[in-house]
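Below: one structure, written as structure tokens.
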Amino acid sequence: MDRRQFLKGSAAAGALAIGFRHMPARAANDPFVKLDALGQAALVKKKEVTPLELVDAAIARIERLDGKVNAVVTETFEAAREEAKAGAGEGAFAGVPYLLKDLNDLKGVRRTSGSKMLADYVSDWQSPYTDKTLETGLVVLGKSNTPEFGLLATTEPLLLGDCHNPWDLEHSTGGSSGGSAAATAAGMVPFAQSSDGGGSIRIPASCCGLFGLKPSRGRMLEQNKDPMPGDISVKHVISRSVRDSAALLDLTEVKEGGAFAPTGNVTDAGTKRLKIAFSMARYDGSDPDGDVRKAIEETAELCKGLGHEIVDVTPPIDGPQFIDHFLTAWASGPAQLKALVEEKTGKPAAETGLLEPWTLGLADFFNAKDDDAMKNALAYFAKVEADIAEFFTGYDVWLTPTLASAPPKLGEQAPTVDFDTLYERTTTYVAYTPQHNVAGTPAMSVPLSWNEAGLPIGSQFAAAKGQEGLLLQLAYELEKAQPWMDKWAPYSAVNV
């Protein structure tokens, strides 16, 4: 979350100032739906299809499916069609339909961040990251659903409505990139923009049976107007194929003067056999749900069968201390948002209805801390970063579950649940992803498992800072060993 952007300027002012229909395109007559983004782009480059054909087909899929999924919350269909009519351009993804997460600005388009506070806000800028993404030739069809300010691990914002998981419409898509994951899992688009400040790429990738790589902090282009201390979010994509994620990373990463040597376009599995640390315990030392344990143990066996070494380890993190400091930093933004609402309206924030109960609860959680809480949290973050860097001197990769359970039912982690109950449910559920945001390490959720109810379970692999290439090589190997591209959700363009 770009907190300072919400706290000043036109965004703050805007926050508080209170056609054409396509025929349904089914899998039988939609030759594009099973293609990944590079596959669709290849058709355009060979002049076998036009960008407009790809865009019209994607719009038709959205119009047919999204009434039940609710993944797309702002449409830019006509602008997309006009852009597609103008031609493909030279980018690697020229003509490919795409969605931007609704935490992301696109100049001239509504950006709500899932909040009534910004219900009518129209962006007056877009980040260099967005510019770089669009230079690849992607055609934006609209914005994808997200929880309020990306603050929850489920996508159930009161303003925009619940986002439904295509694997089971009664279940959560995860968050905060839930709309992007749902749209991709449903086949509306081949991949979609996402961001990750505590697991928000990996969590919905796990929930929706997709591939999600969180890059190292410092890998990607500057993405905020004015970053604040404690900003640990990075942007990338949720995809069906490893190669789509790898190619877009190559095109959007910092090439000169960055924190790391460029990853480049990783196109295949590596040959090096890896030493993989393996841990299952959550912050409190307890195990994840039984179906998750079974799935991750099977992933470890898969890696062993591929010749990698699996070593049981104890995570280098003090669980209770980590949770307290992470939530302190996480809640600092909501505290400032609450103060802004009260300053501009002259009313208690809870009376305005502009912020959700969970956001207000986080604000109160932060405001109950002493004055040094944020400083202490950032000092602790530096320690975690150093400890995990030291941990990776002994291992190539670290394998854990992505989440402690399969996707929960909608409502169980909704922003209206009692704060203490939701705090416990969230910290129990999201027990494996935030440490990699704090440490700045790259991590990916790989869709290798489904439980007996048919719900996806992701396996998380992490590596030392700057080692996205190593993770992508491993992902290609896993993709070949246990393919997932032909697994389609029951409620998707392939099956509905």
Side-chain angles (χ1 to χ4, degrees), residues 19-30 32-34 54-81 97-103 109-116 119-120 139-148 152 154-194 204 207-210 238 240 407-412 414-416 454-456 488-496:
F20 180 85
R21 304 294 292 178
H22 301 275
M23 294 297 291
R26 301 188 184 281
N29 59 20
D30 182 348
F32 316 126
V33 65
K34 290 187 177 181
L54 293 181
V55 166
D56 275 348
I59 290 171
R61 293 192 295 269
I62 292 170
E63 290 180 335
R64 188 172 89 251
L65 296 167
D66 201 46
K68 291 188 176 180
V69 177
N70 193 31
V72 182
V73 294
T74 296
E75 299 173 354
T76 58
F77 291 171
E78 293 311 311
R81 296 186 76 249
Y98 194 61
L99 294 171
L100 294 177
K101 182 177 177 179
D102 200 31
L103 294 184
V109 176
R110 184 178 77 145
R111 195 283 316 281
T112 73
S113 294
S115 178
K116 293 178 182 179
D120 300 315
V139 181
V140 176
L141 302 188
K143 295 291 197 68
S144 63
N145 205 344
T146 187
E148 183 168 67
L152 272 172
T154 186
T155 301
E156 305 176 45
L158 300 185
L159 172 68
L160 303 172
D162 297 351
C163 190
H164 298 260
N165 193 324
W167 290 94
D168 185 325
L169 294 175
E170 294 184 357
H171 286 256
S172 169
T173 61
S176 62
S177 306
S180 290
T184 303
M188 298 177 195
V189 290
F191 65 175
Q193 186 263 322
S194 307
C207 289
C208 293
L210 300 167
I238 291 175
R240 292 192 62 83
K409 283 196 171 183
L410 290 166
E412 290 182 10
T416 51
L455 294 171
W488 283 91
Y491 196 82
S492 68
V494 171
N495 290 319
V496 175

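No side-chain donor-acceptor contact under 3.5 Å links Asn165 to the backbone of Glu170.
By the side chain to side chain contact (heavy atoms under 4.5 Å, CB included) test, Leu158 pairs with Lys116, Glu356, Pro357, Pro415, Thr416, sequence neighbours left out. Applying the side chain to side chain contact (heavy atoms under 4.5 Å, CB included) criterion to Ala58, with sequence neighbours excluded, gives Arg61, Pro97, Leu141.
Among all heavy-atom pairs drawn from Ser194 and Ser180, the shortest one is OG-CB, 3.7 Å. Across all their heavy atoms, Ser172 and Pro407 have their closest contact at O-CB, 3.5 Å. Minimum heavy-atom separation, Leu152 to Pro147: O-CG, 3.5 Å. The two residues Ala185 and Leu210 make their nearest non-hydrogen contact at N-CD1, 3.9 Å.
Interatomic distance, Thr76 OG1 to Leu99 CG, rounded to the nearest 0.5 Å: 8.0 Å. In this structure, Glu75 CD and Glu63 CD are separated by 6.5 Å, a value rounded to the nearest 0.5 Å. Distance check, rounded to the nearest 0.5 Å: OG of Ser113 to NZ of Lys101 gives 9.5 Å. A distance of 5.5 Å separates CD1 in Ile59 from CZ in Phe77, rounded to the nearest 0.5 Å. A distance of 12.5 Å separates SG of Cys207 from CH2 of Trp167, quoted to the nearest 0.5 Å. From Asp168, atom CG reaches atom OG1 of Thr173 across 12.5 Å, with rounding to the nearest 0.5 Å.
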**Item:** Working for side chain to side chain contact (heavy atoms under 4.5 Å, CB included), residues Asp120 and Arg110
**Value:** CA-CA 7 Å; Asp120 300 315; Arg110 184 178 77 145; 5.7 Å; no
**Request:** Show the numbers, then the answer: is there a side chain to side chain contact (heavy atoms under 4.5 Å, CB included) between Leu410 and His164?
**Result:** CA-CA 8 Å; Leu410 290 166; His164 298 260; 3.3 Å; yes
**Item:** From CA spacing to verdict: side chain to side chain contact (heavy atoms under 4.5 Å, CB included), Lys68, Tyr491
**Value:** CA-CA 9 Å; Lys68 291 188 176 180; Tyr491 196 82; 3.5 Å; yes
**Request:** Start with the C-alpha gap between Ser492 and Leu65, add the side-chain angles, then the distance that decides, and say whether side chain to side chain contact (heavy atoms under 4.5 Å, CB included) holds.
**Result:** CA-CA 7 Å; Ser492 68; Leu65 296 167; 5.6 Å; no
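The residues Asp102 and Arg111 are annotated as not salt-bridged, no charged nitrogen and carboxylate oxygen being separated by less than 4.0 angstrom.
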